[in-house]
Structures are given as C-alpha cells and as structure tokens.
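Everything on this sheet refers to the single structure shown next.
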Amino acid sequence: MNMEDFIDFCRKGNPISGEDKELHGLLTQCSYEAQRITMELNNSYHSKEEIAEIFRELTGS
C-alpha cells in the first residue's frame, strides 16, 4: 500500500492494528511527517500566506 492509499484508508475510518506491521509503519511515517510540518510552523515567523500553505501541506487540502 502506498501513502496515498493509506491516507484514503484512514479517512474512511478503518482501524489500524498495532499487529499490522505495514499499516502501523505507514501510520508512524504520517506521524513523523506531521511532527516535522508542525515544528516548521511553530519555530519561526510566517506570513498569513505561508501559514495557509503549511496547513495545506499538513492537511492535504
């Protein structure tokens, strides 16, 4: 499963078991990426436009 499929899987409300190594690994990757983006947002000044772009990156919309 690629990351896009995984995000779609999650948006549908499907559960992720810690025993499913593939899904749990993808969940961990998403978590790390969200942490990276959040750190970018919180650790320096950004214009309103930059904040909107960072949120688009974080939420995918």
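- Counting only distance, with no hydrogens or angles, the side chain of Glu40 and the backbone of Ile54 share no donor-acceptor pair below 3.5 Å.
- Residues Leu41 and Ile37 fail the side-chain proximity criterion, which asks for heavy atoms closer than 4.5 Å.
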Item to check | side-chain contact (heavy atoms from CB on, under 4.5 Å) between Thr38 and Asn42, worked out | outcome: CA-CA 6 Å; Thr38 302; Asn42 290 331; 3.3 Å; yes

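- Salt bridge Arg36/Glu57: present, at least one basic N to carboxylate O contact under 4.0 Å.
- Asn43 places a side-chain N or O within 3.5 Å of a backbone atom of Met39 that can act as its donor or acceptor partner.
- Taking CD1 of Ile7 as the reference point, atom CE of Met1 lies at 11.0 Å (rounded to 0.5 Å).
- Within the 4.5 Å cutoff, the side chain of His24 has no heavy atoms near those of the Asp20 side chain.
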Next on the checklist: Checking Ile16 against Phe6 for the side-chain contact (heavy atoms from CB on, under 4.5 Å) test, could you report, in this order, the C-alpha distance in whole Å, the side-chain angles of both residues, the deciding distance, and whether it holds?
Outcome noted: CA-CA 10 Å; Ile16 300 170; Phe6 174 71; 3.6 Å; yes

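- When atom types are taken as modelled, the side chain of Glu33 and the backbone of Cys30 share no donor-acceptor pair closer than 3.5 angstrom.
- Not one N or O on the side chain of His46 forms a donor-acceptor pair closer than 3.5 Å with the backbone of Ala52.
- Interatomic distance, Cys10 SG to Leu26 CG, rounded to the nearest 0.5 Å: 8.5 Å.
- Across every non-hydrogen atom of Glu49 and Arg56, the tightest pair is O-NH2, 4.5 Å.
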